[in-house]
Amino acid sequence: PAFIPGRVFHNVVTGFQNPWVAGFYIVANILLAFHLYHGVWSMFQTLGVSHPRYTPVLKKASAAFAILIGVGFCSVPIAVLIGIVKL
């Protein structure tokens, strides 16, 4: 069966073997990364850490954080699609 209650690994791998499901998940996580970049950068502005000296560093740190999260979440369906992770 495609879905087995309580078998999380099996269900994740089975779901991500469908390219449409994996593609949608990847696109959603790319959008999440953009949202995180904006949110983290806005957080620093809200906290008053907006200074010409620190702004470039904070923008790069916000981008690095967003990319790290985005790549981390996208790595699971990609690993399933290319056959690194299988049942």
Side-chain angles (χ1 to χ4, degrees):
F3 179 80
I4 302 172
R7 303 268 319 266
V8 177
F9 180 79
H10 175 271
N11 295 334
V12 168
V13 173
T14 302
F16 286 147
Q17 285 174 341
N18 181 339
W20 287 103
V21 172
F24 180 81
Y25 185 84
I26 290 168
V27 169
N29 278 289
I30 291 169
L31 294 173
L32 171 67
F34 280 112
H35 182 67
L36 281 173
Y37 167 70
H38 173 74
V40 172
W41 169 236
S42 294
M43 174 191 68
F44 286 125
Q45 287 181 318
T46 300
L47 293 174
V49 191
S50 182
H51 186 276
R53 182 176 180 180
Y54 305 118
T55 297
V57 174
L58 293 175
K59 280 191 170 187
K60 287 178 185 174
S62 299
F65 176 75
I67 290 169
L68 180 69
I69 297 298
V71 168
F73 278 112
C74 288
S75 67
V76 176
I78 291 170
V80 171
L81 285 175
I82 63 176
I84 294 174
V85 176
K86 47 189 153 186
L87 293 175

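Computed from a predicted model, the values in this text were never measured in an experiment. Sequence positions, counted from 1, serve as the residue numbers for this chain.
- Partners of Ser50 by side-chain contact (heavy atoms from CB on, under 4.5 Å), not counting sequence neighbours, listed by chain and number: Gln45, Thr55.
- Tracing side-chain contacts under 4.5 Å through hydrophobic residues (I, L, V, M, F, W, Y), one reaches Phe9 starting from Val76; they form part of the same cluster.
- Other residues sharing the hydrophobic cluster of Val71, ordered by chain and number and joined by side-chain separations under 4.5 Å: Ile67.
- With hydrophobic clusters built from ILVMFWY side chains whose heavy atoms lie under 4.5 angstrom apart, Val8 does not share a cluster with Ile4.
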Could you pull out all donor-acceptor pairs under 3.5 Å where a side-chain atom in residues 18-28 meets a protein atom, sequence neighbours excluded?
| unit_1 | atom_1 | unit_2 | atom_2 | d |
| --- | --- | --- | --- | --- |
| Asn18 | OD1 | Trp20 | N | 3.0 |

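- Hydrophobic clustering (side-chain heavy atoms under 4.5 Å, transitive across Ile, Leu, Val, Met, Phe, Trp, Tyr) groups Val40 together with Val49.
- Legend: ring pair (Phe, Tyr, Trp, His ring centres under 6.0 Å) pairs involving residues 30-63, not counting sequence neighbours, sorted by first then second residue: His51-Tyr54.
- The two atoms that bring Thr14 and Ala2 nearest to each other are CG2-O, 3.6 Å, heavy atoms only.
- Listed by chain and residue number, Val13, Phe16, Gln17, Val85 satisfy the side-chain contact (heavy atoms from CB on, under 4.5 Å) test with Val80 (two or more places apart in sequence, or in another chain).
- One finds the NZ atom of Lys86 at 13.0 Å from the CG atom of Leu81 (value rounded to the nearest 0.5 Å).
- The side-chain contact (heavy atoms from CB on, under 4.5 Å) test applied to Leu68 returns no partner, not counting sequence neighbours.
- Under the 4.5 Å side-chain heavy-atom criterion for ILVMFWY residues, no single connected hydrophobic cluster contains both Leu87 and Phe3.
- The CZ atom of Arg53 lies 12.0 Å from the CG atom of Leu58; values are rounded to the nearest 0.5 Å.
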